[in-house]
Q: 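I'd like to ask some things about the structure below.
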Protein chains: 2
Amino acid sequence: MRATIKDVARISGVSTATVSRVLNQLGGYGPEVATKVLAVAKAIGYRRNDSAVSLVKQATRTIGIVMPTVTTSFYAQIINGIEDSAYQAGYSVILTHAGSSNIRLLESLNFMVERRVEGIIGVSINLNQTDLTQIKALAVPLLLLSAQAPDDQLPYVKVDDYQAAYAATRFLIKQGHQRIALAGVDPSDLVAGQPRIAGYEAALTAAQLRPDRNLIFTGDYTFAAGQQAMQAIIARPEVAPTAVFAVSDETALGVISICYQAGIEIPRELSVLGYDNSAIAAMATPALSTVAQPFYQMGQIAAQKMITSLQTKTVITSELVPFKLIQRGTVAVPRSN
Amino acid sequence: MRATIKDVARISGVSTATVSRVLNQLGGYGPEVATKVLAVAKAIGYRRNDSAVSLVKQATRTIGIVMPTVTTSFYAQIINGIEDSAYQAGYSVILTHAGSSNIRLLESLNFMVERRVEGIIGVSINLNQTDLTQIKALAVPLLLLSAQAPDDQLPYVKVDDYQAAYAATRFLIKQGHQRIALAGVDPSDLVAGQPRIAGYEAALTAAQLRPDRNLIFTGDYTFAAGQQAMQAIIARPEVAPTAVFAVSDETALGVISICYQAGIEIPRELSVLGYDNSAIAAMATPALSTVAQPFYQMGQIAAQKMITSLQTKTVITSELVPFKLIQRGTVAVPRSN
DNA sequence: GCTTTTTACGTAAACGTTTACCTTAATTGT
DNA sequence: ACAATTAAGGTAAACGTTTACGTAAAAAGC
């Protein structure tokens, strides 16, 4: 068994209260006692037991992360951001997956409540009203990252998908594109799907271009979705876009992979724009132009917001973080111009 | 404040012991008491406090993950594997970064010991002898994942880098390649660097090909390392390999990106083989041939080994997991053949 | 030199559980 | 019908800390 504060006290010849005071530097002890206690603690390898501390202090200094079981590449960046901020503030982070399609979500949240996390950051989780009422019953602060609850019932940190899609589409138009496809989007997705469609269409309309539903290729943000979209584009020469705005970098790579197989040269024959700026974007050939989400910073911001809210006992406010258009090698002016 | 077992007991009109028995289904109570207690617990939103349980049971059912602050794309797969296994066994996982180049390593480990994790899985961390003695002093089980300690002083789960590099090189030779470069490797890295160099050279020697140190381009496994290696290859036409074995997928993409810029066609003019089979390998154009490490399974195996060792109180044994050569689109027979 | 303040500790309760041990009543066996 | 067993539930200690409160001695103030 591991040494306890009592062992340190006994060997040092003082009370546990004094040991605690020395260890936490609270004052109220003499210098020779302090050195003695410290020496003994080190000698017997004493480490304090956070379970006991949490119990008496009624605070665990732990925040939880809940994510769907995905392996998209920005996963790491988000977690890094959260963990770095948490660590700096002396908080631990405990991690749980919600399973694919949130199957394990409430179970996971329960788990965390029993661990007495002080707050939870839910990454990319879609909530319906039933979920929300159950979450409220849990009585634990929940902050959404890259997600949004119906009627904004929960605070969030995310980019403004409408604005980002608008800016991205506008950028393609300014390059001279008129027939711009939107690929891989899920129109039933209220948080990332519909706003991006709306932004895309608004930018077209603002430029006097008529949005064409035949240019929207639905999907689930994956590589495969991009492949399917591009195959559909090739199969229907009558639509013939000069640019495709993919709804994620992975989707963009999917369309690029089909283009490669079909001998369509990028960006000469077709421009492709991604979304996310995940690590793979810079490493693709040609390097992928994309709209960047600052994942690491989003993680940091989320953790900071959560922790300061915890410490100041104020409510967490939502925050829209800035996106950025990153021009690399997959967008050019269309050939016809 | 959250409801406690005492609240449940008081409202139900029984003792806390009985509540505990009901909640944990230990028997020794009547059916009507049970339903009453359960109803009360639910009504007041009682959740048990794991800090208290951990304290009295002297077990936290938590394992820790320590990783360097990297954003390589297999990060997610490893964590998913660990978390899934842990979750199934009723364990929580708490996550900490060791910082770049392990700057925060011992601090992180200490953190975890204070949290009383029952075991720690260290992912991709390189340990020197000083680290090791300090870790031993921590007296907590540590299992290495994709890493190895000097003199095998700690158990590990990893692929056999020597064999994998040997098989990969042999594969390239069988395709007809005779001048094969090795790119991005760190020769001072005892765990992933030297064994891969050795396997690479052994395969060459076994095929009566003389290893040539000029064909080894050192680096740090990154995308940039691959770019530098390929630039060096182009700058020195006298070495002119027909294939390059990159020491990671990212490095492979680095060499591919330079080839693209230089107009070198892959795989017609140059074959490229990666290492890892991270998500990006399948999404690259052309799709990257690579030696696959089963990251998700490695995570699972590590967690399972740790947990069964904890439960059976046996030592953790090391395990070499199988690699696999995945042939996609970046390796072909050399032109000269 | 006496009171007052400060310093340096010790005592013990509290945090929320689990569980060994005890007690009472009901059930069983004969 | 009575002893023996079992079932149902209570009591209280224990886990490892922190911290309010108490106390004795030393220091300071006059």
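Keep in mind the model is a prediction, meaning the values are calculated, not measured. Within every chain, numbering begins at 1; the chains are lettered A, B, ... in the order of the sequence lines, protein sequences first and strands thereafter.
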Q: With a 4.0 Å cut-off on heavy atoms, is Asp50(B) in touch with a base, just the backbone sugar-phosphate, or nothing at all?
A: nothing
Q: Ile135(A) versus Leu109(A): any side-chain heavy-atom pair under 4.5 Å?
A: yes
Q: Do Met67(A) and Ile65(A) have side chains that approach each other closer than 4.5 Å (heavy atoms only, starting at C-beta)?
A: yes
Q: If you take all heavy atoms of Arg104(A) and His97(A), which pair is closest and at what distance?
A: NH2-O, 3.0 Å
Q: What is the ring orientation for Tyr75(B) with Tyr75(A), classed by angle as parallel under 30°, tilted 30 to 60°, or perpendicular over 60°?
A: perpendicular
Q: What is the distance from NZ of Lys6(B) to P of dT18(C), rounded to the nearest Å?
A: 13 Å
Q: Whole-Å distance between dT19(C) P and Gln25(B) CD?
A: 14 Å
Q: Is there a side-chain contact between Ser20(B) and the phosphate of dT18(C), meaning an N or O under 4.0 Å from OP1 or OP2?
A: yes
Q: Strictly below 4.0 Å: does Asn49(B) bring a side-chain N or O up to OP1 or OP2 of dC15(C)?
A: no
Q: Where is the tightest heavy-atom contact between Glu118(A) and Thr60(A), given as atom of each residue plus distance?
A: OE2-N, 2.8 Å
Q: Please determine, for the side chain of Gln58(A), which listed nucleotide (dT17(D), dT18(C), dG16(C)) has the closest atom?
A: dG16(C)
Q: Whole Å only: how far is the CG atom of Leu23(A) from the C1' atom of dT19(D)?
A: 15 Å
Q: Contact class for Arg2(B) vs. all strands (heavy atom < 4.0 Å): base, sugar-phosphate, or nothing?
A: nothing
Q: Which nucleotide in the set dT17(D), dC15(C), dA14(D) lies at the smallest distance from any side-chain heavy atom of Ala52(A)?
A: dT17(D)
Q: Let me know the distance between CG of Asp7(A) and C1' of dT17(D), rounded to the nearest Å.
A: 13 Å
Q: Atom NZ of Lys57(A) and atom P of dT17(D): how far apart are they, to the nearest Å?
A: 12 Å
Q: Heavy-atom count check: over 12 atoms from other residues, nucleotides or ligands less than 6.0 Å from Gln311(B) CD?
A: yes
Q: Can you tabulate the close N/O pairs, meaning under 3.5 Å, that link protein atoms to atoms of nucleotides 6-12 of chain C?
A:
{"unit_1": "dC9(C)", "atom_1": "OP2", "unit_2": "Gly30(A)", "atom_2": "N", "d": "2.2"}
{"unit_1": "dG10(C)", "atom_1": "OP1", "unit_2": "Ser15(A)", "atom_2": "N", "d": "3.4"}
{"unit_1": "dG10(C)", "atom_1": "OP2", "unit_2": "Ser15(A)", "atom_2": "N", "d": "2.6"}
{"unit_1": "dG10(C)", "atom_1": "OP2", "unit_2": "Ser15(A)", "atom_2": "OG", "d": "2.8"}
{"unit_1": "dG10(C)", "atom_1": "OP2", "unit_2": "Thr18(A)", "atom_2": "OG1", "d": "2.7"}
{"unit_1": "dG10(C)", "atom_1": "N7", "unit_2": "Arg21(A)", "atom_2": "NH2", "d": "2.8"}
{"unit_1": "dG10(C)", "atom_1": "O6", "unit_2": "Arg21(A)", "atom_2": "NH1", "d": "3.1"}
{"unit_1": "dG10(C)", "atom_1": "O6", "unit_2": "Arg21(A)", "atom_2": "NH2", "d": "3.4"}

Q: Nearest whole angstrom, please: distance from the P of dT18(D) to the CD of Glu114(B).
A: 10 Å
Q: Could you tell me how far apart Arg48(B) (CZ) and dT17(C) (C1') are, to the nearest whole angstrom?
A: 10 Å
Q: Round to a whole Å and report the spacing from CD1 of Ile5(B) to C1' of dG16(C).
A: 8 Å
Q: Pair up each side-chain donor or acceptor in residues 136-151 of chain B with any protein partner under 3.5 Å, not counting sequence neighbours, and list the distances.
A:
{"unit_1": "Lys136(B)", "atom_1": "NZ", "unit_2": "Gln153(B)", "atom_2": "OE1", "d": "3.1"}
{"unit_1": "Gln148(B)", "atom_1": "NE2", "unit_2": "Asp152(B)", "atom_2": "OD1", "d": "2.9"}

Q: Which listed nucleotide (dG16(C), dT18(D), dT17(C)) is nearest to the side chain of Tyr46(B)?
A: dT17(C)
